[in-house]
Protein chains: 2
Amino acid sequence: MTEETGLRERKKQRTRQALSDTAVELFLKRGFDQVSVADVAAAVEVSKPTLFRYFPAKEDLALYRIADHQGEAARVVTGRPAGRSPLAALRTHFHERLDAHDPVTGLNDNATVRAFNDMLYTTPSLLARLIRYADRDEELLAEALAAAGGGDALTAGLAAAQIITVHQRLAQENWRKLAGGRRIADALPEAHRDADRAYDLLGAGLGTEYGR
Amino acid sequence: MTEETGLRERKKQRTRQALSDTAVELFLKRGFDQVSVADVAAAVEVSKPTLFRYFPAKEDLALYRIADHQGEAARVVTGRPAGRSPLAALRTHFHERLDAHDPVTGLNDNATVRAFNDMLYTTPSLLARLIRYADRDEELLAEALAAAGGGDALTAGLAAAQIITVHQRLAQENWRKLAGGRRIADALPEAHRDADRAYDLLGAGLGTEYGR
DNA sequence: AAGAAAATGCAACCGAGTAACAAAACTTTC
DNA sequence: GAAAGTTTTGTTACTCGGTTGCATTTTCTT
């Protein structure tokens, strides 16, 4: 799994990590807008152009860790057990992520994670950037769904869009619960119910509630 | 309907319009990124700070006209004829917009409109800004759906998110058809079919295609 | 050890957006 | 219709994100 690792490559990894870590630390301490990229560069003892050779935009300094999840939904569909439907696989997976308190579900009350999510959901530029990651996710999911066999490209695309959107709203809803002061033990069952409600809706459509 | 209109107010309206019109003209001629706000300000013979007193960001200069559509989906739901379901009303309305070649459906081959859409869909910062308008739309639609009676707030929120998302994808798909060189007369019937497919999916869910 | 290749730092630059304050334009009042 | 009050504007100067060109250093190759 580990890549070819010359000294050069190792150093780059370290710089990259140091930049992201330091940036997040500063962002959480003083707020995203109150920290300039020059501050981050200075703290890591690197020049500003170098920083931008590692990260294309300030926002990416904060979102680096989240980028790991790229294509997760698509992988779940592609790697689902035989005989299981894509939607069922995604539902199960979401419940699992919830129980694991995965930060991306929004449901995690570790102080640092919470501060991070607070920043994320209240900083428009971060949210905008996050959506661009989600777009890539959506594309990959659309391909996975198309490959799974159901429907044409349009249908797969629409389905992917709906699923990714619903995931976003669920995470946001979970974050809101915690931001509203709820304890996680108390919010978790509700989050599971919300997820089931959302997946029921995805599976059976809005027809029951809002007509055809 | 017309607002209280002193001289001052009239002048402001004119400046606002001149800024947006001139900006769009320049953007279409030279490209969004190749025109600076200073260029726009100079062309309208206004200072840069003044420009920003009228529009909070460069992107809004381009999106001014689109902002008119704010809350359209919500209005359709709220103002639907008695006995008609929200989803049916939205579906009908979308087909109507399609036949009217409304630019927001992506399906309009007027040269200027097409150039505008090309710019819109290929400029990330414009797209990002557009999404923020859509978020407001989504909120309003969620309220309208909740008021329409079906389901709790979560359900209404999820439904609104799905509907707005689907609209976006349909418009994007239509734009792609035209960008691919298709004539509008040829693309229109297909656009209607796509819309029906999308609304069928919204109404009946992904279950049929991708399992529960 | 020498030279190619890649990464860095430096300095200067561009463009979006904002702050401070003074000047001008419109509105209101007498 | 002039004076006083309010709102809008221009000027200047600034901050910050992001980029460019080029010389210097560091790593990789042979």
Side-chain angles (χ1 to χ4, degrees), chain A residues 2-20 22-24 26-27 29-64 119-120 123-130 132, chain B residues 3-20 22-24 26-27 29-64 119 123-130 132:
Chain A
T2 337
E3 285 299 314
E4 266 318 324
T5 169
L7 169 57
R8 185 177 271 164
E9 213 52 37
R10 251 176 298 145
K11 272 194 142 181
K12 282 199 341 191
Q13 293 288 4
R14 262 199 296 268
T15 304
R16 198 179 189 73
Q17 197 66 49
L19 280 169
S20 173
T22 308
V24 169
L26 292 177
F27 291 160
K29 197 182 315 179
R30 313 213 308 258
F32 185 77
D33 293 321
Q34 278 64 55
V35 177
S36 73
V37 294
D39 292 339
V40 177
V44 183
E45 294 186 298
V46 147
S47 75
K48 200 168 57 144
T50 295
L51 182 153
F52 281 108
R53 282 180 201 116
Y54 281 90
F55 294 92
K58 184 186 181 186
E59 287 74 25
D60 298 301
L61 285 165
L63 299 178
Y64 182 44
M119 171 174 82
L120 187 56
T123 308
S125 69
L126 282 176
L127 229 34
R129 197 78 180 185
L130 189 61
R132 303 210 15 209
Chain B
E3 284 299 315
E4 267 317 326
T5 171
L7 170 56
R8 187 174 266 164
E9 212 53 38
R10 253 177 297 144
K11 273 194 143 180
K12 281 197 344 189
Q13 293 288 4
R14 263 199 296 268
T15 304
R16 197 180 191 73
Q17 197 65 50
L19 280 169
S20 172
T22 308
V24 169
L26 292 177
F27 292 159
K29 198 182 315 176
R30 313 212 308 260
F32 185 77
D33 292 322
Q34 278 63 57
V35 177
S36 73
V37 294
D39 293 338
V40 177
V44 183
E45 295 185 300
V46 145
S47 74
K48 199 167 58 144
T50 295
L51 183 152
F52 281 109
R53 281 178 200 118
Y54 281 90
F55 294 92
K58 184 186 180 185
E59 287 74 24
D60 297 302
L61 284 165
L63 299 178
Y64 182 43
M119 172 174 82
T123 308
S125 68
L126 282 177
L127 229 34
R129 198 80 179 181
L130 190 62
R132 300 205 23 202

[X], nearest nucleotide to its side chain (from [options]):
X	options	answer
B/P49	D/dT8, D/dT11, C/dT8	D/dT11
A/E59	D/dG10, C/dG17, D/dG18	D/dG18
B/S36	C/dA6, C/dG15, D/dG17	C/dG15
B/V46	C/dT8, C/dG17, D/dG10	D/dG10
B/F52	C/dA11, C/dA16, C/dA19	C/dA16
B/A57	C/dG17, C/dG9, D/dG18	C/dG17
B/S47	D/dT11, D/dT19, C/dG9	D/dT11

- Item | Side-chain donor/acceptor contact of B/K48 with base of D/dG10 under 3.5 Å | no
- Message: Using a distance-only criterion (donor-acceptor N/O pair, under 3.5 Å, no hydrogens), is the base of D/dG18 paired with the side chain of A/R53?
- Response: no
What contact category does [X] fall into here, base, sugar-phosphate, or nothing, at under 4.0 angstrom with non-hydrogen atoms?
X	value
B/Y54	sugar-phosphate
A/E45	sugar-phosphate
A/V35	sugar-phosphate

Whole angstroms only, please: what is the [atom1]-[atom2] distance between [X] and [N]?
X	N	atom1	atom2	result
B/Q34	C/dC14	CD	C1'	13 Å
A/R30	D/dC16	CZ	P	10 Å
A/D60	D/dG18	CG	P	9 Å
A/L61	D/dC16	CG	C1'	14 Å
B/D33	C/dG15	CG	C1'	11 Å
A/L51	D/dG18	CG	P	9 Å

Is the shortest side-chain heavy-atom distance between [X] and [Y] below 4.5 Å?
X	Y	value
A/R30	A/D39	yes
A/V44	A/L51	no
B/K11	B/R14	yes
B/L26	B/T22	yes

- Closest-nucleotide 5' rank along DNA chain D - winner of A/F55 and A/R8: A/F55
- Message: With a 4.0 Å cutoff (strictly under), does any side-chain N or O of A/K11 reach OP1 or OP2 of C/dA7?
- Response: no
- Below 4.0 Å: OP1/OP2 of D/dG10 and any side-chain N or O of B/T50: yes
- Message: Nearest 0.5 angstrom please: A/R129 CZ to A/L61 CG, how far?
- Response: 10.5 Å
- Within 45° cone of A/F32 ring axis and under 6.0 Å: A/K58 NZ or CZ: yes
